[in-house]
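Have a look at the structure below, then the notes.
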Amino acid sequence: MTTRVLTGITTSGTPHLGNYAGAIRPSIEASLRPDVDAFYFMADYHALIKCDDPQRVARSRLEIAATWLAAGLDPEKVTFYRQSDIPEIPELCWMLSCVTAKGLMNRAHAYKASVDQNTDKGVDADDGVTMGLFSYPVLMAADILMFNAHKVPVGRDQIQHLEMARDIAQRFNHLYGGGQDFFVLPEVQIDDEVATLPGLDGRKMSKSYDNTIPLFEGGAKATRAAVMRIVTDSRQPGEPKDAEGSHLYTIYRAFARPEQSAQFRRALEEGLGWGEAKEQLFALIEDELGPMRERYDALMASPERIEEILQAGALKARALATPLMERLREAVGLRSPLAAAAPKSAAAKPAAKKARFVSFRGEDGGFRFRLQAAGGNEVFLSESFDNPQSAGMMIKRLQQGLPEDALQARGGSIELIMDGVLVCRLPESELPALRAALSEL
Ligand code: AMP
């Protein structure tokens, strides 16, 4: 069984070394494992909570997408998308908001930290607190539950939000599930091997503290200049340094092999000067980032290429989100008015119902579609396709008509074969329904 892993990066600034070592690099490594079904996204709705500069958000969306791709993410293997391209996410967020206790959100760390700061300053407890900040754990729950992720790799500060997502999922399942669970309860994944990088001033490297080492933006020159600004103590060359307590060494370790780290540590303890140590750190980082830099620059020069990849990713993601959302709407009582037995106004002429194809991603990770007759009955469920494009192509071919040689009798049932590819098997008795549905598309 594959494990679905989901992670996102907020698009509120330029990606930095901490994002790379703490999220992008380990996530790309995980995505290469055959038992992992990875969902990686640009959290651009989250960016609006922290950033009201439209240009910064727009630029950051592009930079973060280019960074993932330049660092080696394979968008064919991973579902790679932008949160705001999935309209089902804010819709789910609202449904989840309606089952989330306000008291639960009152306890969220980010909100409590703001309240504590305001209390210390002697201003109103909610001063400067937006509804976005207050309820962002619900949006995070929607991100995760939308795709029924099993594992969410996070830093320790996010454990509480994962617990909230589980609480919210359980409440929704209990209220509306009627014995079936809509949502998997996600588990937090804390990887002790993954470093949390300090920034230039020693606090956690973060866009919010403006203490970051940029990854690609500004070229190698900007990375070098930032490395040279890492705060150290005032010990001179020749004086032994406290390697373990230095931020420089923490960053070095995140890029070095264990024997390289041990050597660097020894050199510091034996008096290596900070200036030389910074040159060595920069060379080490460049060894890894240098080859990615060219790919990054090429991608940033072709935003339309990035857009194409993200649109294909959104299609893949929505192949899961759309059918789940249909089920959820039905569960909460928001069925499509055409399906509901609601009284219609005398003036309104009911639209003629048509047969249609409904595509979705199956539990096995493959892409399927079903043909639904005008009355709503399923005529057939397709075989599984490797990608949404192949499934979509097959739907297009069927919409153009059924070639006579497409139907082949085999062992008491009929196989529908298009261009040599098996689309589905169905009982012979279903043939009239198949022909009728195809003519009513
Ligand atoms: P954010 O930019 O806060 O949305 O973070 C995106 C991802 O980068 C998350 O998985 C964070 O845990 C990770 N991250 C952010 N800052 C650091 C850091 N200083 N060290 C390691 N990982 C980080």
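Hydrogens, waters and symmetry mates play no part in the numbers below; they use all other heavy atoms, side chains included. Remember, it's 1-based here, ligands and their atoms both numbered in the order they're listed.
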Between Phe134 and Tyr111, ring centroids under 6.0 Å: yes
Axial cation check for Phe255 ring with Arg25, 6.0 Å and 45° limits: yes
For atom 3 (O) of ligand 1, closest protein heavy-atom neighbour: Lys50 NZ, 4.4 Å
salt_bridge(Arg266, Glu270) N-O dist < 4.0 Å: no
His46 and Tyr136 aromatic ring geometry - parallel, tilted or perpendicular at 30°/60° bounds: perpendicular
Cationic N near anionic O, under 4.0 Å, Glu286 to Arg293: yes
Per-atom contacts, ligand 1 versus His16 - under 4.0 Å to a heavy atom: 16 (N)
Protein heavy atom at shortest distance from atom 20 (N) of ligand 1: Leu197 N, 2.8 Å
Nearest neighbour in protein (non-hydrogen) for atom 12 (O) of ligand 1: Gly155 N, 4.4 Å
Protein heavy atom at shortest distance from atom 7 (C) of ligand 1: Ala23 CB, 3.6 Å
Backbone of Arg370 reached by a side-chain donor or acceptor of Glu378 within 3.5 Å: no
Atom indices of ligand 1, in the order listed, that fall short of 4.0 Å to a heavy atom of Asn19: 2 (O), 5 (O), 6 (C), 7 (C), 8 (O), 14 (N), 15 (C)
Per atom 4 (O) of ligand 1, closest listed option by heavy atom (Thr10, Thr7, Asn211): Thr10
For atom 22 (N) of ligand 1, closest protein heavy-atom neighbour: Gly18 O, 3.1 Å
Identity of the nearest option to atom 21 (C) of ligand 1, non-hydrogen atoms only, from Ala21, Ala195, Gly8: Ala195
Ring geometry between Tyr252 and Phe264 (parallel below 30°, tilted from 30 to 60°, perpendicular above 60°): parallel
Which of the ligand 1 atoms, numbered from 1, are nearer than 4.0 Å to a heavy atom of Lys207: 2 (O)
Glu244 with Arg253: basic N within carboxylate O range, under 4.0 Å: yes
Atoms in ligand 1 with a heavy atom of Thr196 nearer than 4.0 Å: 20 (N), 21 (C)
Subset of ligand 1 atoms that lie under 4.0 Å from at least one heavy atom of Met205: 16 (N), 17 (C), 18 (C), 19 (N)
